[in-house]
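These notes concern the structure reproduced below.
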Amino acid sequence: MSRGRGGGRGGGRGGFRGGGGGFGAGSMPPMGLTFADIQAMSREGDALYPPLEPLPVLTDYSADEKRICDLQTGFLTRLRQSAYYVVETSKSNDLERYSDKYRQSPASQPTLKRKDLHAPFFPSEIFEGYFNPKRKRKVEKKGTTKRLNLDDLAEDAEDQEKSGDERSDAGSQPVDSDYDVDEEYDNDYAENYFDNGEGDDMDGLGDGGGGDDGGGGGDYD
Amino acid sequence: MADAETSRLCVQIVRSHFGPLTANVASALLTRGRLSLAHLIRYTMMKPRTVRAAILILVQQNILWHSNTEEEGDMLEFNTLECLMRLRFGRYVWQAEQLFGPSGAEIVQLILDHGKLQSPDIISRLSIQNPKSSSLYSQTLYKLISSAYLKPSTLLSHHSPRDKRIKYEAEEKAKIAGFPTAKELREAQETAEARLKREEEEAESVGLKRKPKDLISHRSSKASKLQQLLFSDDVYFRVNFDKFNTYIRNKLIEMAVGERFNQSAALVMRATLKASEARQKSVSDARSDPTSTAAIAMLISDDDDLSTGLVSSTKKASSASLVKDYLGLMSAVDNPTPAGKAASFISLADNKVHVEFEIVSKRLRRRVLEAVARERHGDDGVRIVRLLLDIGKMDEKQIAKVAMMPNNVVRPLLAALSSDFLISTQEVPRSADRNPTRTFYLWYLVHVDLPKAYSALLGHLYKTLYNIGMRRQAEQEEPTVKAVLAKRARTDVAQDENLLSRMERDVLKEWETKREKLTVLEMGVEEVVFILRDFDKVGSHEDI
């Protein structure tokens with residue numbers, strides 16, 4: 001096996017052999033196994049949870065540790081009822097039941113109060129945005145309209161956008177301020193890109209349409 | 001950004017404390033790093049109002065940093081260490097109870113509930129039931145603040161340290177004229193670090209400096225003087241985890257001494273640690289401040305019998321001399337070699353005693369490593385690990401020879417140990433080109449890479465903690481238990497437990513026992529996490 005390399009090995013330094021290199025060409029499998037061992041190995045997968053012998057059992061704990069656990073669990077229960085647990089109201093269509101009036105609903109969860117929080121500790125935009133939704137909306141609108149105006153080149157596109165924004169304004173006033181960030185994007189695209197063809201010149205429609213169809217059909221063949 | 005195990009555990013903690021919606025926000029921040037509000041809204045796909053609420057909650061509880069840069073606006077970053085500390089809150093409150101009584105425990109509990117609070121707020125909330133107790137609370141509050149269990153929460157602590165460091169480094173680099181060399185860049189980095197640390201320390205000592213007027217005034221009626229506390233009312237206080245962690249550390253050291261020697265030695269160690277307690281600021285001290293043997297002897301109460309632990313020729317020995325004997329034992333005075341020093345707990349010089357935290361911490365961590373190796377790979381595995389730790393890098397044939405184990409046993413063990421990251425390999429090529437096919441010429445030297453081994457173990461421990469938490473959640477969401485818990489949460493049942501049927505009460509009791517067992521288990525695993533993570537003196541900023 002290692003005849004050819006024997007000369008190199010003899011001339012090498014030290015008395016130690018290389019770990020993996022001891023087998024010369026490296027045709028033997030690693031970790032001291034032989035081919036016979038590998039064939040004898042089972043080809044099925046190991047169990048995902050092999051039985052654990054002996055099964056570990058929790059040792060007894062002292063009264064101090066119990067007290068610590070109670071305190072830790074106390075934190076969890078108190079936080080659940082506090083203003084720091086965020087819940088969202090969702091409508092459900094289950095039948096109304098008698099015990100519903102006793103159940104805690106998301107509406108009964110206390111919410112964050114402005115007087116409890118010290119404003120300089122928080123990022124100002126987020127703080128104001130949460131406690132002052134109306135004022136926040138005005139600032140955002142101004143910013144976005146400015147950006148849109150700079151980007152537009154065509155005049156009619158600009159007009160369409162302005163009217164689009166007004167329409168989206170009117171649309172979102174009655175709706176909760178939650179949606180204003182998302183609404184703006186949607187409305188812009190819907191109002192500005194889609195051209196429902198009302199203003200097009202109707203004259204050449206038949207020829208143009210027929211020609212287009214023919215061209216389209218021709219492509220598939 | 002944190003690795004997968006840590007982020008999963010943090011998200012789970014946030015979910016159980018602050019709800020699944022907040023957990024969404026946390027998981028987006030942990031997987032993607034620091035984000036701005038707009039990106040966060042997009043990635044979590046939640047309503048902007050909810051996301052804002054979640055952010056405010058996390059900032060209030062000190063889990064989120066924020067910073068404002070010109071290019072990017074407000075950026076938010078998650079503080080994983082703070083989040084993981086939440087697992088220890090029960091222990092901190094218990095510790096406060098041991099030290100300051102029930103009023104101290106209540107104060108600490110209230111502050112931990114809210115993240116941070118102002119002092120008049122604390123007193124008013126706690127004295128709602130009983131207005132007369134407000135003086136007791138203010139006294140305890142004063143004690144807590146002056147011994148640094150509570151520290152002021154500063155504006156700086158809310159800004160992400162990474163952002164600050166980048167900013168300071170940029171400022172330092174701007175000062176370098178011309179083309180910067182590597183040395184100058186390094187100096188700029190160090191100056192920025194030092195400036196960061198200095199600012200933090202200055203900011204935190206603000207709340208505590210206002211004692212001069214107090215000291216000058218006479219001690220005529222202490223109660224009324226303490227009531228006119230002169231630290232300013234609008235400072236927000238938060239719990240100083242570092243100081244509480246020193247107690248956990250001391251307990252671990254005491255247990256280690258008890259295992260190594262005996263109970264009486266543990267008592268002496270407890271007294272030693274107590275003597276320098278007031279000056280132990282944080283867990284990252286390498287050794288404690290010096291105390292004298294006299295001070296230690298004073299702290300040992302009379303009913304602890306120290307003589308049971310030592311066999312001495314004289315019939316009756318004074319307590320002070322016994323203490324000296326124990327101290328000599330623990331400082332390995334009989335073995336002045338480096339091996340002895342590495343096995344010592346304290347260092348004794350003249351009459352001064354220092355507890356060697358660093359040496360003990362190294363030993364405890366190594367013990368954890370060996371315990372894991374023993375459990376997974378048996379005694380042979382431990383033999384190999386110990387051998388490599390003592391000697392350093394060795395070839396596998398050498399290992400087989402020195403450990404007196406046959407080659408075909410050593411080889412699979414080495415492969416198994418290395419797949420667990422407990423040991424690693426180092427190539428030494430014989431030939432000039434590193435040609436891997438000519439494996440004949442490569443030597444593989446095996447050694448234990450301690451930082452890698454410890455971080456692998458820490459990852460496993462976080463995974464264990466996550467599994468415990470998942471099990472607890474699964475038990476809670478099992479249908480029968482869930483129905484009973486929902487019923488118990490009703491306001492009419494909350495006031496009258498008899499509305500629950502007997503079976504429901506049994507289910508509830510069983511679930512509470514299971515929850516307790518799981519929490520005890522969690523505490524135990526948390527202790528090991530403490531040894532591996534917080535006990536490490538060199539805590540780098542790129543942690544976790």
Side-chain angles (χ1 to χ4, degrees), chain A residues 2 5 8-9 12-13 16-22 24 26 30-33 58 61 64-76 78-80 82-88 99 102-104 111-112 116-118 120-127 129-130 133 176-179 181-182, chain B residues 16-19 21-22 37 41 47-50 52-57 59-61 66 68 73-74 76 87 89-91 93-94 109 112-113 153 155 158 236 395-398 407-408 411-412 415 430 437-444 486 489-493 515-517 519-521 523:
Chain A
S2 45
R5 310 275 164 85
R9 206 202 299 184
R13 36 192 121 104
F16 301 112
R17 301 167 182 207
M31 293 206 317
L33 301 171
L58 185 64
Y61 44 91
D64 280 341
E65 293 183 340
K66 185 171 180 340
R67 174 107 180 95
I68 295 179
C69 289
D70 289 337
L71 288 167
Q72 182 76 17
T73 326
F75 274 108
L76 288 173
R78 275 197 307 276
L79 276 174
R80 178 72 183 81
S82 74
Y84 298 116
Y85 198 92
V86 180
V87 284
E88 260 180 3
S99 59
Y102 292 117
R103 280 188 200 275
Q104 248 117 17
T111 51
L112 285 177
D116 287 337
L117 305 172
H118 185 51
F121 284 152
F122 300 91
S124 51
E125 284 178 20
I126 299 178
F127 195 75
Y130 185 75
D176 237 359
S177 65
D178 301 345
Y179 294 100
V181 176
D182 303 341
Chain B
S16 56
H17 287 212
F18 304 115
L21 298 167
T22 328
L37 177 64
I41 296 178
K47 290 192 219 162
R49 188 166 171 75
T50 322
R52 284 204 186 95
I55 293 175
L56 292 178
I57 289 171
V59 173
Q60 171 70 9
Q61 299 277 349
H66 63 94
N68 199 328
D74 267 332
L76 304 158
L87 289 172
F89 278 5
R91 191 186 277 270
V93 177
W94 178 80
Q109 197 171 12
L112 286 174
D113 269 344
S153 173
L155 278 181
H158 289 95
Y236 275 82
D395 181 41
E396 77 170 342
K397 292 269 189 325
Q398 234 177 330
N407 221 335
N408 59 352
R411 253 191 220 131
R430 258 201 196 180
T437 59
R438 297 170 81 95
T439 55
F440 185 78
Y441 292 100
L442 292 174
W443 298 12
Y444 280 93
R490 278 164 45 178
T491 46
D492 54 346
V493 176
R515 184 177 64 179
E516 197 176 278
K517 285 197 183 152
T519 318
V520 168
L521 192 57
M523 296 292 130

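So that the names make sense, note that chain A is the first sequence line, chain B the second, and so on, each numbered from 1. Keep in mind that this is a model prediction, so the values were computed, not measured.
Contacts between B:Phe89 and chain A at a heavy-atom distance below 4.5 Å involve backbone atoms as well as side-chain atoms. If you measure heavy-atom distances from B:Asp113 to chain A, the contacts under 4.5 Å come from both the backbone and the side chain. Contact of B:Gln109 with chain A is made through backbone and side chain together, with heavy-atom distances under 4.5 Å.
Taking each heavy atom of B:Ser16 and A:Leu76 in turn, the nearest pair found is O-CD2, 3.6 Å. Scanning both residues, B:Ile57 and A:Ala83, for their nearest heavy atoms gives CD1-O, 3.8 Å. Residues A:Tyr130 and B:Arg49 come closest through the heavy atom pair O-NH1, 2.9 Å.
Not a single donor-acceptor pair under 3.5 Å links the side chain of B:His66 to the backbone N or O of A:Ser124.
Looking only at side-chain heavy atoms (C-beta outward), A:Leu79 and B:Phe18 come within less than 4.5 Å of each other. At least one side-chain heavy atom of B:Arg515 sits under 4.5 Å from a side-chain heavy atom of A:Thr73. Contact annotation: the side chain of A:Phe127 never approaches that of B:Val59 to less than 4.5 Å [non-hydrogen atoms, C-beta and beyond].
Atom CG of residue B:Leu56 and atom CG of residue A:Leu117 lie 6.5 Å apart, to the nearest 0.5 angstrom. Between atom CG of residue A:Asp70 and atom CD of residue B:Glu516 there is a gap of 6.0 Å, rounded to the nearest 0.5 Å. Separation of atoms CD (A:Gln72) and CG (B:Leu87) is listed at 6.5 Å; rounding is to 0.5 Å. If you take CZ on A:Phe122 and NE2 on B:His158, they are separated by 6.5 Å, rounding to the nearest 0.5 Å. Rounded to the nearest 0.5 angstrom, A:Tyr61 OH and B:Met523 CE are separated by 12.5 Å. The line from NE2 of B:His17 to OH of A:Tyr85 is 11.0 Å long, rounded to the nearest 0.5 Å.
Interface check for chain A: of the options B:Leu521, B:Asn68, B:Asn407, B:Leu112, the most heavy-atom pairs under 4.5 Å are formed by B:Leu112. Counting heavy-atom pairs closer than 4.5 Å to chain A, the top residue among B:Gly19, B:Ala54, B:Ala486 is B:Gly19.
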Next item on the list: Starting from the C-alpha separation in whole Å, work towards a yes-or-no answer on side chain to side chain contact (heavy atoms under 4.5 Å, CB included) for B:Leu76 and A:Ile126.
Entry: CA-CA 11 Å; B:Leu76 304 158; A:Ile126 299 178; 4.3 Å; yes

Checklist line | B:Val520 and A:Lys66: CA distance, side-chain angles, deciding distance, side chain to side chain contact (heavy atoms under 4.5 Å, CB included) verdict | finding: CA-CA 7 Å; B:Val520 168; A:Lys66 185 171 180 340; over 6 Å; no

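Residues passing the side-chain hydrogen bond (donor to acceptor under 3.5 Å, both in side chains) test with B:Lys517, sequence neighbours excluded: none. A search for side-chain hydrogen bond (donor to acceptor under 3.5 Å, both in side chains) contacts involving B:Thr50 returns A:Glu88, not counting sequence neighbours.
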